[in-house]
Amino acid sequence: MVRYGGFWRRFVAALIDGFVLNVAFSIVGSIFGVSLAFTSMFTRGEPNPLAMASAMSGLSLITLALGWLYSAVMESSSLQATVGKLAVGVVVTDLTGERISFGRATGRYFAKYISAFVFMIGFLMVAFSSRKQGLHDKIAGTLVYKTRNPAEVRSLEGVFE
């Protein structure tokens, strides 16, 4: 029987994904941020606060887009998991055990901001709910299963009734 992915397993997956994304953000930040910042921060040798703020805003938007695309593309792919989730052996499905769409994965990603909003309570719900769903999972209609093979989840008859 395939079990739901619990709190600690998902926590470790989030740490691994955070590391992967920080490496990506560092590379993107080095390429775009530094070149953009140094070329636009100074006007006639004087610091330009507006240029600095716009460079930082642009970099923030790029990192948000990278995080969103990383999660949504990976979770809606045939792998059904990010690198962190693959490492700890969990997959993301819809409520019937099927692969989620890119749109549902996008909704799940942005719903994580709601989960984090009040003292991370939406994430802590994973530890206490019967199907180990966080608030973002409930909003997106997803489940996280402890398996490395998504086909195992789909092959279970009667589980989703």
Side-chain angles (χ1 to χ4, degrees), residues 4-94 99-127 132-150 153:
Y4 299 112
F7 177 80
W8 289 111
R9 188 171 291 268
R10 291 170 72 169
F11 179 78
V12 171
L15 290 177
I16 294 168
D17 287 332
F19 177 78
V20 168
L21 284 170
N22 274 327
V23 169
F25 296 156
S26 296
I27 292 167
V28 169
S30 296
I31 295 168
F32 291 106
V34 173
S35 63
L36 179 64
F38 282 118
T39 58
S40 64
M41 279 196 296
F42 296 96
T43 306
R44 295 184 209 119
E46 296 288 320
N48 185 341
L50 182 60
M52 292 169 77
S54 60
M56 293 305 290
S57 297
L59 194 55
S60 294
L61 286 174
I62 290 170
T63 57
L64 176 69
L66 277 176
W68 158 58
L69 288 172
Y70 168 75
S71 292
V73 168
M74 293 288 293
E75 290 177 357
S76 65
S77 74
S78 60
L79 295 172
Q80 294 180 238
T82 59
V83 172
K85 288 179 181 70
L86 288 171
V88 300
V90 296
V91 296
V92 180
T93 72
D94 66 8
R99 187 171 94 177
I100 61 174
S101 67
F102 180 78
R104 187 179 298 252
T106 294
R108 184 176 188 272
Y109 174 79
F110 287 106
K112 287 180 182 179
Y113 287 98
I114 298 169
S115 287
F117 186 63
V118 181
F119 305 114
M120 304 289 198
I121 289 174
F123 292 112
L124 291 174
M125 288 172 59
V126 172
K132 304 297 182 195
Q133 287 178 292
L135 180 60
H136 54 286
D137 292 312
K138 289 183 182 287
I139 290 170
T142 58
L143 294 168
V144 176
Y145 284 98
K146 182 182 171 186
T147 181
R148 293 187 189 278
N149 181 5
V153 176

Full working for side chain to side chain contact (heavy atoms under 4.5 Å, CB included) between Phe102 and Leu69: CA-CA 9 Å; Phe102 180 78; Leu69 288 172; 4.1 Å; yes
Stepwise side chain to side chain contact (heavy atoms under 4.5 Å, CB included) test for Ile114 and Leu135: CA-CA 8 Å; Ile114 298 169; Leu135 180 60; 3.7 Å; yes
Please walk me through it: do Val144 and Lys132 pass side chain to side chain contact (heavy atoms under 4.5 Å, CB included)? CA-CA 8 Å; Val144 176; Lys132 304 297 182 195; over 6 Å; no
Just do the side chain to side chain contact (heavy atoms under 4.5 Å, CB included) check on Leu124 and Phe7 with the steps written out, would you? CA-CA 7 Å; Leu124 291 174; Phe7 177 80; 4.0 Å; yes
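In this structure, the salt bridge (charged side-chain N to carboxylate O under 4.0 Å, His left out) partners of Arg108, at least two apart in sequence or on a different chain, are Glu75, Asp137.
Residues Gln133 and Val126 are not in side-chain contact: their nearest non-hydrogen atoms beyond the backbone lie 4.5 Å or more apart. Looking at heavy atoms from C-beta onward, Thr93 lies out of side-chain contact with Arg99 at the 4.5 angstrom threshold. Using a 4.5 Å heavy-atom cutoff, the side chains of Val90 and Thr147 are not in contact. Looking only at side-chain heavy atoms (C-beta outward), Val92 and Lys85 come within less than 4.5 Å of each other.
Ring centroid separation for the pair His136 and Tyr113 does not come in under the 6.0 Å cut-off.
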Donor-acceptor pairs under 3.5 Å, side chain of residues 59-67 to any protein atom, not counting sequence neighbours: which ones?
unit_1: Ser60; atom_1: OG; unit_2: Met56; atom_2: O; d: 3.0
unit_1: Thr63; atom_1: OG1; unit_2: Leu59; atom_2: O; d: 3.3
unit_1: Thr63; atom_1: OG1; unit_2: Ser60; atom_2: O; d: 2.8

Ignoring hydrogens and angles, write down the donor-acceptor pairs under 3.5 Å from the side chains of residues 13-23, residues two or more places apart or on other chains.
unit_1: Asp17; atom_1: OD1; unit_2: Tyr70; atom_2: OH; d: 2.6
unit_1: Asp17; atom_1: OD1; unit_2: Thr82; atom_2: OG1; d: 3.1
unit_1: Asp17; atom_1: OD1; unit_2: Gly84; atom_2: N; d: 2.7
unit_1: Asp17; atom_1: OD2; unit_2: Thr82; atom_2: OG1; d: 2.5
unit_1: Asn22; atom_1: ND2; unit_2: Gly18; atom_2: O; d: 3.2

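In this structure a side-chain-to-backbone donor-acceptor pair under 3.5 Å is present from Ser101 to Arg104. Here the side chain of Arg9 pairs a donor or acceptor atom with the backbone of Val88 at under 3.5 angstrom.
Between the CZ atom of Phe123 and the OG atom of Ser115 there is a distance of 5.0 Å, given to the nearest 0.5 Å. The distance from the NZ atom of Lys112 to the CD1 atom of Ile139 is 12.0 Å, given to the nearest 0.5 Å.
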